[in-house]
Amino acid sequence: MASIFQNRVTRNTAWIVVCKAVQAVIGLLISMVTTRYLGPTRYGMINYAASLVLFLGPIGQLGFSATLVHELIRKPEDEGKILGTSIVMTLISSLLCVMGISVFVHLTDADSPITVLVCKLYSLLLMAQSLELIQYWFQAKLLSRIASLVTLGAYVLISGFQLIVLLMHDNLGLYAVSKALEHTLIALVLVVFYLRMGGKKLAVSLTKAKELLHNSWPFILSSLMVMALGQSDRIMLKNMLGDTPTGYYSAAVLCANLTDFVFFALIDSMRPVIFEAKQKDRSQYENGISTLYSMMIYLALIQSVAITLFARPMVYIVCGQAYEGSVRTLQIIVWYTAFSYIGSARNVWIMAEGKQNLLWFINLCGAVGNILLNLLMIPVWGIEGAAVASLITQIFVNVIMGFWLRPLRDNNLLLLNGTNPRLITSFLRGKI
């Protein structure tokens with residue numbers, strides 16, 4: 001077990017973390033310029049567009065982001081059909097989502113042509129992300145260093161483009177489309193590497209399409225509910241309070257998520273190894289899940305305490321004093337992100353156990369509860385009410401429901417085992 005978890009995961013994680021760390025530093029600098037230059041109102045508009053895109057993202061991606069690694073490990077001989085079919089399917093579904101967003105903003109924001117334009121251009125990101133599904137082949141092969149370096153290179157180029165667009169041209173439309181350009185560039189380069197490294201020829205298969213949809217449809221519903229849970233607050237804030245409060249809230253989310261690349265890098269790196277351990281050794285598999293939980297819990301605890309104590313200087317440094325209204329919201333939001341990382345780790349267990357059918361119900365409860373809480377709390381407490389609503393929802397969905405639903409109780413035992421600090425210290429010392 002030591003050689004599996006310490007050598008393979010550590011090497012793979014190191015590449016992801018280093019590249020994501022560099023990307024995070026660059027992103028922080030870009031965000032510092034962007035938030036100051038745009039101001040709370042226009043920054044709120046951009047984040048409103050981003051929330052609409054994220055909300056429909058699960059439909060555009062058809063749940064494949066959660067299943068492709070597992071499919072590629074399970075049937076490596078079909079990798080060409082799996083990747084080719086998934087890319088074509090998501091391109092079609094993403095095009096439909098882009099059209100849906102266009103109709104929605106024409107109905108809700110007809111009096112603001114700039115909002116309509118920004119949302120339309122930002123939505124092109126969905127189609128670009130479809131091409132980027134090739135990255136999951138690299139994850140399945142534990143070759144994340146390649147995908148990470150490509151992503152970093154594209155991010156650097158597009159970040160420079162964003163600065164030029166903002167500072168020299170003040171063009172919000174070009175800024176909105178820049179994310180689509182970034183993901184398109186990443187996808188094209190990854191396809192070249194895929195073919196050069198012996199990846200099978202991409203192909204489309206109707207039979208494979210049915211099989212992929214059969215395995216991923218629970219994740220479409222569950223991910224849609226997750227996005228409703230995670231993005232409904234900003235969409236509701238925009239429509240209930242306007243662009244400026246949305247900008248304050250988005251700035252708080254930005255600060256709370258500055259280090260999320262560490263958490264997702266750990267999850268992405270351990271996922272394929274946990275899947276392999278599930279097929280070979282039950283005790284190693286369960287120990288791996290508990291170790292993943294341990295890392296999520298203690299890293300999130302450290303982060304949450306630190307940001308709660310230093311929220312004001314953090315907001316001032318990252319966004320500027322114009323975002324003073326974000327401070328108290330940040331002190332709440334950082335705690336709900338901690339529980340969301342636990343939920344992301346739980347989804348690895350759900351996929352390994354083949355319990356995907358539970359996800360739609362879990363996240364439906366969360367989405368409905370979050371929307372109802374937002375409707376109650378936003379009129380009374382504004383953006384802080386939205387933050388409290390999300391915190392309550394995350395605790396309920398990712399912890400309490402695990403004790404309530406019988407099929408999840410085994411997972412919650414692994415979660416409780418993960419509270420043992422010896423697991424994370426043993427992992428770091430190479431004893432797990």
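What's counted below: heavy atoms across the whole structure, side chains too, no hydrogens, waters or symmetry copies.
Side-chain contact check for Tyr249 versus Ile333: some heavy-atom pair is nearer than 4.5 Å. By the 4.5 Å heavy-atom criterion applied to side chains, Phe104 and Leu52 are counted as neighbours. Looking at Leu237 and Tyr48, their side chains never come closer than 4.5 Å, going by heavy atoms from C-beta outward. Looking at Trp349 and Asp410, their side chains come closer than 4.5 Å, going by heavy atoms from C-beta outward. Contact of the Ile274 side chain with the Tyr285 side chain is registered, since non-hydrogen atoms from C-beta on lie closer than 4.5 Å. Looking only at side-chain heavy atoms (C-beta outward), Ile307 and Leu330 come within less than 4.5 Å of each other. At a threshold of 4.5 Å between non-hydrogen side-chain atoms, the residues Ile267 and Met296 count as touching. Side-chain atoms of Ile362 and Arg346, non-hydrogen and from C-beta on, do get closer than 4.5 Å to each other.
The environment of CZ in Phe403 is crowded: more than 12 heavy-atom neighbours from other residues, nucleotides or ligands sit within 6.0 Å. More than 12 heavy atoms of other residues, nucleotides or ligands sit less than 6.0 Å from atom NZ of Lys278.
With rounding to the nearest 0.5 angstrom, the CG atom of Leu299 is 8.5 Å from the OG atom of Ser294. Distance check: Met377 CE to Leu372 CG gives 11.0 Å after rounding to the nearest 0.5 Å. Atom OG1 of Thr184 is separated from atom CG of Leu125 by 8.5 Å, given to the nearest 0.5 angstrom. The distance from the OG atom of Ser178 to the CD1 atom of Ile30 is 9.5 Å, given to the nearest 0.5 Å. Of the inter-residue distances, the one linking Gln331 atom CD with Thr308 atom OG1 reads 6.0 Å to the nearest 0.5 angstrom. Atom CG in Leu124 sits 10.0 Å away from atom CG in Leu95 (nearest 0.5 Å).
Using modelled atom types, one side-chain atom of Ser94 and one backbone atom of Leu126 make a donor-acceptor pair closer than 3.5 Å. Side-chain atoms of Ser86 come within 3.5 Å of backbone N or O of Ile82 as a donor-acceptor pair. A donor-acceptor pair is defined here as one N or O able to donate and one able to accept, closer than 3.5 Å; such a pair exists between the side chain of Thr337 and the backbone of Val334. Using a distance-only test at 3.5 Å, with no hydrogens or angles considered, a donor-acceptor pair links the side chain of Ser93 to the main chain of Thr90. Of the possible polar contacts, none joining the Ser123 side chain to the Val53 backbone as a donor-acceptor pair under 3.5 Å is found. At least one donor-acceptor pair under 3.5 Å links the side chain of Ser51 to the backbone N or O of Asn47. Between the side chain of Asn417 and the backbone N or O of Leu413 there is no donor-acceptor pair closer than 3.5 Å. Side chain of Thr393 to main chain of Gly369: no donor-acceptor pair is present (N/O by atom type, distance under 3.5 Å, no hydrogens or angles). Here the side chain of Asp243 pairs no donor or acceptor atom with the backbone of Tyr43 at under 3.5 angstrom. Although no hydrogens or angles enter the test, the distance criterion places a donor-acceptor pair under 3.5 Å between the side chain of Ser390 and the main chain of Ala386.
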Between Asn411 and Lys355, does a side-chain contact (heavy atoms from CB on, under 4.5 Å) hold up when you go through it step by step? CA-CA 11 Å; Asn411 171 71; Lys355 298 180 183 292; over 6 Å; no

Leu241 vs Thr246, side-chain contact (heavy atoms from CB on, under 4.5 Å): CA-CA, chis, key distance, verdict: CA-CA 8 Å; Leu241 301 180; Thr246 307; over 6 Å; no

Show, in sequence, the C-alpha distance, side-chain angles and deciding distance for Glu353 and Arg282, and conclude whether the salt bridge (charged side-chain N to carboxylate O under 4.0 Å, His left out) test is met. CA-CA 11 Å; Glu353 294 289 329; Arg282 184 75 188 182; 3.2 Å; yes

Does the side-chain contact (heavy atoms from CB on, under 4.5 Å) test come out yes or no for Leu62 and Leu212, once each step is laid out? CA-CA 9 Å; Leu62 296 175; Leu212 289 171; over 6 Å; no

Candidate pair Phe396 and Trp404, rule side-chain contact (heavy atoms from CB on, under 4.5 Å), full reasoning: CA-CA 10 Å; Phe396 175 73; Trp404 171 34; 4.2 Å; yes

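Minimum heavy-atom separation, Met351 to Phe275: CG-CZ, 3.6 Å. For the residue pair Met127 and Leu91, the shortest heavy atom distance occurs at O-CD2, 3.7 Å. Tyr293 approaches Gly418 most closely through the heavy-atom pair CB-CA, 4.3 Å. Minimum interatomic distance between Ala128 and Ala180 (heavy atoms only, all atoms of both residues): CB-O, 3.4 Å. In terms of heavy-atom proximity, Phe339 sits nearest to Trp335 at CD1-O, 3.2 Å. Between Val116 and Val105, the shortest heavy-atom contact is CG2-O, 3.7 Å.
Exactly one residue among Leu373, Asn374, Leu375 makes a side-chain contact (heavy atoms from CB on, under 4.5 Å) with Ile371. That residue is Leu375.
Using a 30° and 60° split on the angle between ring planes, Tyr323 and Tyr248 fall in the perpendicular class, above 60°.
A search for side chain to side chain contact (heavy atoms under 4.5 Å, CB included) contacts involving Ala209 returns Thr85, Met89, not counting sequence neighbours.
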